Protein chains: 2
Amino acid sequence: MPTPERTSTAAIIAAGRDILESDGLSGLTMQAVAARVGVRAPSLYKRVRDRDALIVGVVEAVIDDLSAELEGVERELASGGGDSAEGVLAALAATYRGFALAHPEGFRLMFTASAPLASLDRAAGPVRRASAAAVGEEDALDAARLVTAWMTGFLQMELGGAFRLGGDIDQAFDYGLRHLLRGLAR
Amino acid sequence: MPTPERTSTAAIIAAGRDILESDGLSGLTMQAVAARVGVRAPSLYKRVRDRDALIVGVVEAVIDDLSAELEGVERELASGGGDSAEGVLAALAATYRGFALAHPEGFRLMFTASAPLASLDRAAGPVRRASAAAVGEEDALDAARLVTAWMTGFLQMELGGAFRLGGDIDQAFDYGLRHLLRGLAR
DNA sequence: ACCTGAACACCGTTCAAGT
DNA sequence: ACCTGAACACCGTTCAAGT
């Protein structure tokens with residue numbers, strides 16, 4: 001006899017994201033997720049293969065959100081017109097940092113759990129296109145990797161508390177961005 | 001009646017590092033470490049508070065090794081003389097990358113598990129001093145953070161397979177280093 | 001003094017049985 | 001068709017009992 005579904009994959013992923021941010025990766029247990037969506041842990045296996053697959057789903061959702069934010073900035077600045085490629089890169093960097101500080105656990109997980117290639121590709125698009133505008137198509141990939149690697153490493157360090165030695169973090173971010181763009185200028 | 005010790009903290013940490021590199025963090029269990037040093041899991045609690053403390057000990061040992069390598073490069077180039085600050089930074093970056101590729105799990109853990117401040121401070125020394133020589137004392141900390149963040153992010157991405165989209169990774173590293181130094185040049 | 005078996009709590013996962 | 005209790009394997013951790 002058919003029974004109505006009591007939850008959904010989307011609800012499970014959403015619950016996973018909430019729990020991840022509040023309790024960290026170790027708190028992201030099948031039982032915690034099940035309790036939040038109102039079923040027992042074994043029922044989750046109807047929708048996700050195992051805990052690893054759930055984590056990948058969560059990471060994918062996080063990356064999609066980040067992509068949407070970056071694409072939004074890209075669109076705004078394009079429609080406004082008159083923005084230099086450097087200005088676009090600066091805006092993307094600020095957005096990237098804002099996202100990391102707003103979703104620290106999800107951001108860290110992006111580089112721990114292996115996300116689907118398509119997600120990463122989409123997220124890399126805006127910086128990649130702004131880099132092409134700044135340095136030309138030939139060096140675009142290398143330049144985008146330079147910018148992305150710096151942002152990623154900086155935020156990893158900021159979130160991990162590696163900047164405990166002092167100094168102004170906002171200023172360090174600004175210094176890094178300025179000198180990075182200077183190194184890329186043609 | 002006193003009994004001779006059958007293991008030591010040093011042996012436990014060393015076993016932890018081996019297991020970490022071969023089986024990853026999830027394989028680093030108390031039982032696996034105990035088996036490797038020849039005791040039962042409960043005996044480990046005589047020397048380490050819990051699994052988290054063991055992980056911190058492993059990370060500290062990894063950072064100390066990295067620090068020693070970086071200091072070795074610093075010493076060599078100083079005694080050789082005639083090396084520009086940029087040359088020293090390039091050599092340190094190559095050493096940093098070599099270490100990450102040789103000990104990928106340990107390297108990743110450096111930014112996941114929170115290491116003691118003193119360890120991080122020591123590891124940051126060589127890049128910090130080379131940066132001071134390159135850009136002057138006032139901007140040294142910001143410049144060192146720019147270089148370190150880029151290296152860290154780049155390697156995090158390389159190890160995590162975020163470069164699956166193609167392109168030559170060695171060339172991307174070289175491109176990044178060159179343009180970074182260009183951005184820092186006075 | 002150090003080591004161990006036994007025990008407990010907790011988690012991931014499977015599966016037969018319920019509706 | 002979906003959900004659940006029961007069960008199993010595995011892990012971290014504690015502790016009384018061994019030597």
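Quantities reported herein were computed from a predicted structural model and do not represent experimental measurements. Sequence lines set the chain letters: A, B, ... in the order given, protein chains first and strands last, and positions in each chain run from 1.
Not one side-chain nitrogen or oxygen of A:Arg6 sits closer than 4.0 Å to the OP1 or OP2 atom of D:dC2. Note on B:Ser43: a side-chain N or O is less than 4.0 Å away from OP1 or OP2 of C:dT4.
No hydrogens or angles considered: nothing links the side chains of A:Tyr96 and A:Thr148 as a donor-acceptor pair under 3.5 Å.
Distance, A:Leu44 CG to C:dG12 C1': 11 Å, rounded to whole Å. Across the protein-nucleic acid pair, A:Leu54 atom CG and C:dT13 atom C1' stand 14 Å apart, rounded to whole Å. Atom CG of B:Asp52 is separated from atom P of D:dG12 by 11 Å (rounded to the nearest Å). Atom CD in B:Gln31 sits roughly 6 Å away from atom P in D:dG12 (whole-Å rounding). A straight line from CZ of B:Arg51 to C1' of D:dT14 spans 18 Å, rounded to a whole angstrom. With rounding to whole Å, A:Asp23 atom CG is found 11 Å from C:dC11 atom P. As rounded to whole Å, 13 Å separates atom P of C:dC11 from atom CE of A:Met30.
B:Glu137 and B:Ala132 get closest at one heavy-atom pair: OE1-CB, 3.6 Å. A pairwise comparison of heavy atoms in A:Ser119 and A:Ile63 identifies O-CG2, 3.5 Å as the closest pair.
In this structure, A:Arg97 is not positioned above the aromatic face of A:Phe154 in the sense of NZ or CZ being under 6.0 Å from the six-membered ring centre and within 45° of the axis.
Two residues are said to be in side-chain contact when any heavy atoms from C-beta on lie closer than 4.5 Å; B:Val73 and B:Pro126 fail this criterion.
Taking every side-chain heavy atom of B:Thr29 into account, D:dC11 is the closest of D:dG5, D:dC11, C:dC3. The side chain of A:Lys46 has D:dC2 as its nearest neighbour among C:dT4, D:dT13, D:dC2. Taking every side-chain heavy atom of A:Arg40 into account, D:dG5 is the closest of C:dC3, D:dG12, D:dG5. Which of D:dC2, C:dT4, C:dC2 sits closest to the side chain of A:Arg47 comes down to D:dC2.
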Exercise. Once Watson-Crick and G-U wobble pairs under 3.5 Å are found, how is DNA chain C written in dot-bracket notation, 5' to 3', with | for any base paired to another strand?
Worked result: ||.|||||...|||||.||
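A donor-acceptor pair under 3.5 Å links the side-chain atoms of A:Arg108 to the main chain of B:Phe111, judged by distance alone. Using modelled atom types, no side-chain atom of B:Asp139 and backbone atom of B:Asp142 make a donor-acceptor pair closer than 3.5 Å. A donor-acceptor contact shorter than 3.5 Å links the side chain of B:Arg186 to the backbone of B:Ala134.
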Please list each protein N or O that sits under 3.5 Å from an N or O in nucleotides 16-18 of chain C, with the distance.
none

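Nearer the 5' end of DNA chain C, as judged by each residue's closest nucleotide, is the contact made by B:Val39, out of B:Val39 and A:Pro42.
Residue B:Arg49 is out of contact with every strand shown, counting any heavy-atom pair closer than 4.0 Å. Across all strands shown, B:Glu5 has heavy atoms under 4.0 Å from sugar-phosphate atoms exclusively, and none from any base.
In B:Arg182, the CZ atom is crowded: over 12 heavy atoms of neighbouring residues, nucleotides or ligands sit closer than 6.0 Å.
By the criterion of side-chain heavy atoms lying less than 4.5 angstrom apart, applied directly or through intervening Ile, Leu, Val, Met, Phe, Trp or Tyr residues, A:Leu141 is not grouped with A:Leu120; the two fall into different hydrophobic clusters.
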